[in-house]
Amino acid sequence: MVSIAVVGAGAWGKNHIRVFSEIPNVRLKYICDSDPSRLTQLQRFYPQPKMVKGISSILEDPEIKGIVIASSAVSHYPLAKESLLAGKDVLVEKPMAMRSEEAKEMVEIAEKKGRILMVGHLLVYHPVVDRLREMVRSGAMGKIYYIYTQRVNLGVIRQDENTLWSFAPHDLSVILYLIDEEPVAVTAHGESYIQKGIEDVVFVSLRFNDGKMANIHLSWLDPHKLRKVTIVGSEKMVVFDDMESSEKLKIYDKGVKNLSYDTYGEYLSLRFGDITIPNIKMVEPLRAEADHFIQCLESRKEPKTGGRDGLRVINILMAAQQSLKEKGVPVKIGQE
Ligand SMILES: NC(=O)c1ccc[n+]([C@@H]2O[C@H](COP(=O)([O-])OP(=O)(O)OC[C@H]3O[C@@H](n4cnc5c(N)ncnc54)[C@H](O)[C@@H]3O)[C@@H](O)[C@H]2O)c1
């Protein structure tokens, strides 16, 4: 049995509590939240775990191997740092920290102490994202031209982070996982319509060395709920729509067949092929993420979304935040 603790039992932490409770070789020994009312609500459904307001007793308990941190974004760095220093393996929610320096320090502590540091980049554990990666990596899509993602809805309106920090880690982690290349520059435009100084609508653009582009639309002030990734390649175009209940991935065999300008008429030769909807076996991404954390904890293997992947995302968020502040000026991404 692996004993673990979940810190932060809010809207999302509750899901971690549920999935980890379902894993047969895991014992959820502690649930921690600084707000006692959260603990009282959960006690009825989870009578076994100890309910604690602070993490000190968890850190002192030698039985605890892993700590899952799903508290507010600003508390990720101090809680994860303390946990790693106490010799625990850590799964920390996104964003792993609010500054590159903090994320870097977390990575360094984990490496020095030989601890697992995993970041909750949930979509990397989505079976459709794995299929997309296969398609991109195998060359089935041809040359990747551009990617755009839409993550918009009405609410949840956060007060300690803007839409960029709240939503973009999902899109950035997917883009980096798919193409495994660092963007060279980022621009971001946004506005704070609801709360002063907290951008609720943000448009982020990434530029890559070979001309590839990515665009990310983020909002919690939108009439639609969209969770979409569109990738346009020279051979195929794909749309991953996570709001669809079953047909989440559509592959369009569409493109431009001949870009030659030599023969009149040939340059506009468009290709309209079949649309394929592959049958992808679905698993709950959070369950896959939780299983992966336990496997890493036991095998001591680097997670699919390790601390260094989290740091790459934070570096882009920092550059995007700066661009946002400077009204869309392109900002180079800090090199690690
Ligand atoms: N991966 C995903 O898909 C996903 C989805 C939703 C939220 N999240 C992330 O999960 C985190 C939590 O989000 P949420 O919606 O549950 O927020 P929430 O506000 O509902 O819950 C946060 C909880 O953490 C507790 N908390 C704050 N500081 C603490 C501390 N120092 N020690 C112990 N408890 C503390 C709060 O009392 C609260 O109960 C955020 O970072 C968010 O970005 C991730």
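Worth knowing before you read on, the calculation uses all heavy atoms, side chains too, and leaves out hydrogens, waters and symmetry mates. Order of listing sets the numbers, starting from 1, for every ligand and every atom in it. It should be emphasised that the depicted structure is a prediction, and the values quoted were computed from it without experimental measurement.
- Of the candidates Asp242, Asn153, Asp241, Thr149, Arg227 forms a side-chain hydrogen bond (donor to acceptor under 3.5 Å, both in side chains) with just one, namely Asn153.
- A salt bridge is absent between Lys14 and Asp33: the closest approach of a Lys/Arg side-chain nitrogen to an acidic carboxylate oxygen does not fall below 4.0 angstrom.
- Residues of the protein with a heavy atom under 4.0 Å from ligand 1 are Val7, Gly8, Gly10, Ala11, Trp12, Gly13, Asp33, Ser34, Asp35, Arg38, Ala70, Ser71, Ser72, Ala73, Ser75, His76, Leu79, Glu93, Lys94, Gly120, Leu122, Arg158, Glu161, His170, listed by chain and number.
- Qualifying side chain to side chain donor-acceptor pair (under 3.5 Å) partners for Arg115, counting only residues two or more places apart in sequence or in other chains: Asp89.
- In the hydrophobic clustering, where aliphatic and aromatic side chains (Ile, Leu, Val, Met, Phe, Trp, Tyr) are joined below 4.5 Å either directly or transitively, Val152 groups with Leu226.
- Residues passing the salt bridge (charged side-chain N to carboxylate O under 4.0 Å, His left out) test with Glu284, sequence neighbours excluded: Arg18.
- Ion pair Glu161/Lys94 not flagged as a salt bridge, since none of the NZ, NE, NH1 or NH2 atoms sits closer than 4.0 Å to an Asp/Glu carboxylate oxygen.
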